[in-house]
Amino acid sequence: MSMDNGFENRGTPEDLRGVEAAVDAIAQGERDAAPVRLEQGVFLASYGSLRGEATEPVVVARIGRGMGMRVRLAAAVGLVGAAAAAWLGYSAMFNRVGAPVQVANGLEDDVNYVLDLRSSTDDLAILGDRIDSLLLDAGSVGDSLKSDATTNLLGDGAL
Amino acid sequence: MVPLAEAKRPQAGNEDAVAGLLAAAAGGDESAWREVIARYARRVFALAKSRCQRSDLAEEVTQSVFATVATKLGSGGYTERGRFESWLFRVAMNRIRDEMRRMKRQAEPADPATFGGVKAPEVKGETVEGVELDRLRVAMRQLPEVDREIVELRHHGQLSFKEMSELLDEPLGTLLARHHRALKKLKQLIEEGAES
């Protein structure tokens, strides 16, 4: 007999055997109380892995968990809704009085500034058009001056 | 005299048979894998159920454990050297501990005042060798973690002390002493429960 078997067979002290037998009874009860589908579920969840295939755990009805998840989801939605409502209320309250009006005014100023900028850009475009027309006019004047000078020269020669 | 617990323990013994089953299963033999599951699934389930106290969770843990074992076997990541049970239950214990940690994270702390006026229910249920099983269940939950682990591996998982020694990496004598000490604590807790 090996030393290991010696240990296995050494046994439990007399005064603890009743407790040990009772623990064994509970453990046996747990094994017997396993769902009848246990082995099949384990097989379905594991056989693919044996062949290197990805497998998912067989769905086990976990009502408590499912309900818990739904309750948590509902709570999260409620929390977001409450936060949104609080924020809207907060905004509405401060739009009526106090500093946030300044914030709103500041925003309005910014919008006006952008509009002014855009209009000034428009003005620049107009200015550009005007410069172009001035250049055209200047060109015309130049051309007319040239033609006058030529006429004068011809006139002088003719005379 | 062979101890009661030992007499009831499955003499899976035939390590050669287990090795043969594992080799066949690793090669994709469906019936061999079913046989492995038939031998061990309920023992893993009982261990998980005792710890989690929930049948659905224990079933899921059992599936997960065997999926892990199958993956290792199928990929050649496990070499059988007569220590399959130790390995299987190590995988199981790790998985159970993960699940317990997850459960603790999700548990909402209860106000101790809530339980101030609550008394332990009067239990007059089934008895074995003069021990009321309901009282024993309560006592099991009161055991320190390390003691409870030893008791559950030995009785729910039906491991031998040799296998437990391999699993927990502790000397046989230490485990034997720890097992006796755990049973003694259980007995004390039952007696204290009965007196109160």
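Per chain, numbering begins at 1; letters A, B, ... match sequence-line order.
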Rounding to 0.5 Å, atoms CD1 (I26(A)) and NZ (K49(B)) come to a distance of 10.5 Å
In terms of heavy-atom contacts, L50(A) and A25(B) come closest through CD2-O, 3.0 Å
Is it true that E39(A) and R42(B) have a side-chain N and a carboxylate O under 4.0 angstrom from each other?
yes
Whatever's closer than 4.5 Å to a heavy atom in chain A on E152(B) counts as neither
Minimal heavy-atom distance between S46(A) and A70(B), with the atoms involved, is O-CB, 3.3 Å
Taken to the nearest 0.5 Å, the spacing of H179(B) NE2 from T12(A) OG1 works out to 6.0 Å
Answer key: most heavy-atom pairs under 4.5 Å with chain A among L73(B), T62(B), L175(B) is T62(B)
query = Do M93(B) and V151(B) sit in the same hydrophobic cluster, where Ile, Leu, Val, Met, Phe, Trp and Tyr count as joined when their side-chain heavy atoms come under 4.5 Å apart?
reply = no
Rounding to 0.5 Å, atoms CD (E20(A)) and NE2 (H155(B)) come to a distance of 4.5 Å
Above 12 or not: heavy atoms from other molecules or residues under 6.0 Å from CG of D169(B)? no
Next on the checklist: With a 3.5 Å distance limit and no angle check, can you tell me whether R31(A) reaches the backbone of H156(B) through a side-chain donor-acceptor pair?
Outcome noted: yes
Quiz item: Just wondering, more than 12 heavy atoms not from R90(B) lying within 6.0 Å of its CZ?
Solution: yes
Heavy atoms of A67(B) and S49(A) approach each other most closely as O-CB, 3.6 Å
Practice problem: For Y47(A) and R34(B), indicate whether the former's side chain and the latter's backbone hold a donor-acceptor pair under 3.5 Å. | Solution: no
dist K187(B):NZ -> D15(A):CG (nearest 0.5 Å) comes out at 4.5 Å
Bottom line for T71(B): the part with an atom under 4.5 Å from chain A's heavy atoms is both
- ILVMFWY network linking I150(B) to V44(B), side-chain heavy atoms under 4.5 angstrom: yes
Contacts of S165(B) meeting side-chain hydrogen bond (donor to acceptor under 3.5 Å, both in side chains) (sequence neighbours excluded), chain-then-number -> none
When the 4.5 angstrom heavy-atom criterion is applied to F66(B) and chain A, the contacting part is both
Shortest non-hydrogen pair, F45(B) vs E30(A), comes out as CE2-O, 3.7 Å
Looking only at heavy atoms, the pair that brings L183(B) and V23(A) closest together is CD2-CG2, 4.4 Å
Notebook entry, point to check: In terms of hydrophobic clustering (I, L, V, M, F, W, Y; side-chain heavy atoms under 4.5 Å; direct or indirect links), are L143(B) and V138(B) co-clustered?
Noted result: no
Side-chain heavy atoms nearer than 4.5 Å, only ILVMFWY residues, links allowed to pass through others: does that put M140(B) and L159(B) together? no
CG of L16(A) to CZ of R181(B), rounded to nearest 0.5 Å, is 12.5 Å
Q. According to a 4.5 Å side-chain heavy-atom criterion applied to Ile, Leu, Val, Met, Phe, Trp and Tyr, with indirect links allowed, do M103(B) and V65(B) form part of one hydrophobic cluster?
A. yes
Those residues at least two apart in sequence (or on a different chain) that pass side-chain hydrogen bond (donor to acceptor under 3.5 Å, both in side chains) with Q53(B) are R141(B)
What one should report as the nearest heavy-atom pair of A46(B) and A27(A) is CB-O, 4.3 Å
